[in-house]
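These notes are about the structure you will find just below.
The basis for the numbers below is simple: all heavy atoms, side chains too, and nothing from hydrogens, waters or symmetry mates.
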Amino acid sequence: MLSGSEILHGLTGSWRIVLRDPEAPKHFNLSTEGFFHSFWALALSLPVVFFSTTSLWRLAREIDPSDDTGFPSFAIVQLGGTLFYWAAFLSAMIAVSRQLKLDAHYAPYVVTFNWGTLFTSIVFAVPLLLYSIGLASGRGAMMLTLPALGILGWYRWRIAREVLGASPATAVGVLLLDFLLGVVVDQGLVMLVYAPGASAT
């Protein structure tokens with residue numbers, strides 16, 4: 001069973017990776033059990049992503065009152081995009097790591113990637129929480145999410161270099177794959193959900 005201590009260590013390790021702490025790997029459970037436990041990080045991140053989704057939907061309508069996007073459609077794109085992207089990226093990285101002869105590092109990479117998903121979801125949600133409780137304006141909250149996106153990119157770069165063992169050029173390629181796959185998944189869902197005749201409103 002996943003324990004509260006393991007969750008805390010996963011989040012602490014993720015934060016320490018951002019800080020370039022060489023002791024960061026010690027916080028992750030890199031055993032076979034820890035590998036499977038790390039997939040709970042995605043499940044734990046979904047309520048956080050749902051909160052961010054509701055906040056972004058309200059924020060978009062505040063900034064542009066003419067925006068009549070229904071919440072169900074918006075939520076399907078946001079939550080579905082998170083799930084499909086996660087599955088597609090980690091599946092693609094199996095082939096990438098094998099091709100680069102880095103497959104021995106794939107399991108630790110997955111563990112740190114999964115816990116990083118929860119960590120960065122929380123970081124992204126903080127400005128939206130400030131917006132939701134009235135401590136930040138809509139535009140202010142949007143501006144504050146930009147550093148969170150920067151932390152996400154930095155984290156993914158760090159684990160590609162330090163955990164997967166990729167060269168700088170290869171790590172850039174991993175980040176490009178990460179970005180492009182996210183765009184493809186998001187755009188694919190947008191086209192599907194907002195296509196004429198789609199039932200979600």
Side-chain angles (χ1 to χ4, degrees), residues 2-21 24 27 38-86 89 112-159 175 178-179 181-183 185-194 198-201:
L2 180 68
S3 66
S5 175
E6 193 166 355
I7 295 171
L8 180 60
H9 275 289
L11 292 174
T12 301
S14 299
W15 172 238
R16 290 186 178 277
I17 283 177
V18 171
L19 298 179
R20 302 188 66 180
D21 184 345
H27 289 275
S38 74
F39 289 90
W40 279 102
L42 178 68
L44 293 170
S45 73
L46 289 179
V48 182
V49 173
F50 183 77
F51 166 76
S52 295
T53 297
T54 59
S55 299
L56 287 170
W57 181 72
R58 291 188 296 105
L59 196 155
R61 294 168 70 87
E62 176 184 308
I63 293 175
D64 182 8
S66 65
D67 186 353
D68 60 353
T69 302
F71 179 73
S73 297
F74 190 81
I76 288 172
V77 171
Q78 295 294 317
L79 293 172
T82 297
L83 290 169
F84 281 116
Y85 155 78
W86 170 81
F89 180 73
T112 53
F113 182 93
N114 285 344
W115 286 113
T117 296
L118 176 58
F119 172 74
T120 53
S121 295
I122 293 171
V123 171
F124 185 82
V126 169
L128 299 174
L129 175 62
L130 296 177
Y131 163 72
S132 296
I133 62 178
L135 294 180
S137 66
R139 295 186 186 278
M142 288 300 293
M143 290 296 295
L144 289 173
T145 61
L146 296 179
L149 294 176
I151 289 174
L152 172 61
W154 173 246
Y155 185 87
R156 298 281 172 81
W157 164 265
R158 293 290 302 164
I159 65 173
L175 287 181
D178 188 336
F179 173 76
L181 194 56
V183 170
V185 168
D186 284 346
Q187 291 304 308
L189 281 172
V190 166
M191 292 174 64
L192 179 64
V193 172
Y194 294 108
S199 59
T201 58

Open item on the list: Between Trp154 (side chain only) and Val18 (backbone N and O only), is there a donor and an acceptor less than 3.5 Å apart?
Closed with: yes
TODO: Quick one: which residue pairs count as a side-chain hydrogen bond (donor to acceptor under 3.5 Å, both in side chains) with a foot in residues 139-151, not counting sequence neighbours?
DONE: none
- [ ] Just do the side chain to side chain contact (heavy atoms under 4.5 Å, CB included) check on Trp115 and Ile7 with the steps written out, would you?
- [x] CA-CA 8 Å; Trp115 286 113; Ile7 295 171; 4.0 Å; yes
Open item on the list: Once ring pair (Phe, Tyr, Trp, His ring centres under 6.0 Å) is applied, do any residues pair with Tyr85, and if so which ones, sequence neighbours excluded?
Closed with: Phe89
- [ ] Just say parallel, tilted or perpendicular for the rings of Phe71 and Trp57, cut-offs at 30° and 60°.
- [x] perpendicular
Open item on the list: Could you measure the distance from the OG atom of Ser55 to the CG atom of Leu128? Nearest 0.5 Å is fine.
Closed with: 5.0 Å
Task: Distance (rounded to the nearest 0.5 Å) between Ser73 OG and Leu189 CG - done: 11.0 Å
TODO: Find out whether Phe50 and Gln78 are in side-chain contact, i.e. whether some heavy atom of one side chain is under 4.5 Å from a heavy atom of the other.
DONE: no
Task: Minimum heavy-atom distance between His9 and His27, given as atom pair plus value - done: CB-O, 3.1 Å
Open item on the list: Using every non-hydrogen atom in the two residues, find where Gly138 and Leu59 come nearest and quote the distance to one decimal.
Closed with: O-CD1, 3.5 Å
- [ ] Decide whether Ser132 and Arg58 meet the rule of one side-chain donor and one side-chain acceptor closer than 3.5 Å.
- [x] yes
TODO: Measure across Ser52 and Phe124 and return the closest heavy-atom pair with its distance rounded to 0.1 Å.
DONE: OG-CD2, 4.1 Å
- [ ] Report yes if the side chains of Val77 and Thr53 come closer than 4.5 Å at any heavy-atom pair, otherwise no.
- [x] no
Open item on the list: Heavy-atom count check: over 12 atoms from other residues, nucleotides or ligands less than 6.0 Å from Trp40 CH2?
Closed with: no
TODO: Ignoring hydrogens and angles, state whether a donor on the side chain of Trp15 or Asp21 is under 3.5 Å from an acceptor on the partner side chain.
DONE: no
Open item on the list: Can you confirm whether Phe84 is buried at CZ, in the sense that more than 12 heavy atoms of other residues, nucleotides or ligands lie under 6.0 Å from that atom?
Closed with: no
Open item on the list: Tell me the closest heavy-atom pair linking Thr120 and Thr117, and the distance in Å.
Closed with: OG1-O, 3.4 Å
Open item on the list: With a 4.5 Å cut-off on side-chain heavy atoms, are Leu44 and Leu2 touching?
Closed with: yes
Open item on the list: Rounded at 0.5 Å granularity, tell me how far CG in Leu118 sits from CG in Leu46.
Closed with: 10.0 Å
Task: Check: Tyr131 and Leu144 side chains under 4.5 Å, non-hydrogen atoms - done: no
TODO: Give the minimum heavy-atom separation between Val48 and Ser121, together with the two atoms involved.
DONE: CG1-O, 3.4 Å
Open item on the list: What's the separation between atom CZ in Arg158 and atom OG in Ser14, rounded to the nearest 0.5 Å?
Closed with: 13.0 Å
Task: Residue pair Leu152 / Val123, side-chain heavy-atom distance below 4.5 Å - done: no
Task: Any Leu83 side-chain heavy atom under 4.5 Å of Leu42 side chain - done: yes
- [ ] Grab the two heavy atoms, one from Arg61 and one from Thr69, that are nearest each other, plus how far apart they are.
- [x] NH1-O, 3.5 Å
